[in-house]
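This report concerns only the one structure given below.
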Amino acid sequence: MIKLLRVDHRLLHGQVVVSWFKNVGANTILVANDIVASDELRKSAIRLAKPEDAKLVMKSIDDSIEAINSGITDKYQMLIVVESVADAEKLIRNTQDKIVSLNLGGTKPREGTKNYSKTINLTDLEADLLTGLQQDGVDVYIQQVPNELKQKFEK
């Protein structure tokens with residue numbers, strides 16, 4: 001069962017581990033990222049950030065989609081972290097309606113982005129992807145930590 005899908009350019013860090021992991025009742029963290037999946041140095045760094053009581057899996061986006069669709073992940077209470085809106089959109093669109101909400105936690109400022117909150121900076125294309133998800137019934141919201149109020153994403 002997918003407890004939370006979060007976009008955070010930092011992937012796994014203290015805020016995710018301490019706040020979200022425990023708050024959503026997860027027992028497994030899936031870091032879905034193509035670069036991390038093939039980079040042993042980044043994998044080692046991410047392993048250092050995981051809680052002791054958490055199972056940690058690092059897979060490419062395509063391998064994550066395959067695992068979710070196969071049912072092999074159904075026995076876990078998963079928190080999924082992706083680095084980008086595009087990765088989140090691909091996961092949602094390709095996992096047979098298993099993901100119904102998207103938490104926007106952090107996207108760094110880049111050339112061509114607009115600021116939507118203190119931690120969310122999006123290109124027009126990313127904002128369009130999120131709007132498309134909303135139109136298809138996905139709850140897209142901005143919330144850095146669980147004790148903050150949810151802010152519905154609005155383009």
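Just so you know, these numbers use all the heavy atoms, side chains as well, and skip hydrogens, waters and symmetry mates.
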Charged N-O contact under 4.0 Å between D62 and K90:
yes
Rounding to 0.5 Å, atoms CG (L56) and OG1 (T28) come to a distance of 9.0 Å
Before giving the answer on side chain to side chain contact (heavy atoms under 4.5 Å, CB included), spell out for D136 and I92 the whole-Å C-alpha distance, their side-chain angles and the decisive distance to 0.1 Å.
CA-CA 11 Å; D136 291 338; I92 292 168; over 6 Å; no
Mark yes when over 12 heavy atoms from residues, nucleotides or ligands other than D97 sit less than 6.0 Å from its CG; otherwise mark no.
no
For the CG atom of L122 and the OG atom of S117, what is their distance to the nearest 0.5 Å?
8.5 Å
Can you find a pair of side-chain heavy atoms, one from I120 and one from F153, that are under 4.5 Å apart?
no
Starting at NZ of K114, measure out to CG of D124 and round the result to the nearest 0.5 Å.
4.0 Å
Given the rule in the side chain to side chain contact (heavy atoms under 4.5 Å, CB included) test, do D8 and H13 qualify, once you have shown the distances and angles that lead to the verdict?
CA-CA 9 Å; D8 194 320; H13 57 93; 2.8 Å; yes
Restricting to pairs with a member in residues 26-35, which pass salt bridge (Lys or Arg N to Asp or Glu O under 4.0 Å), not counting sequence neighbours?
none
Does CG in L48 sit with more than 12 non-hydrogen atoms of other residues, nucleotides or ligands closer than 6.0 Å?
yes
Inter-residue atom distance E40.CD - M58.CE, 0.5 Å rounding
8.0 Å
Inter-residue atom distance L30.CG - K55.NZ, 0.5 Å rounding:
10.5 Å
Verify same cluster id: I68, L5 (apolar side-chain graph, 4.5 Å)
yes
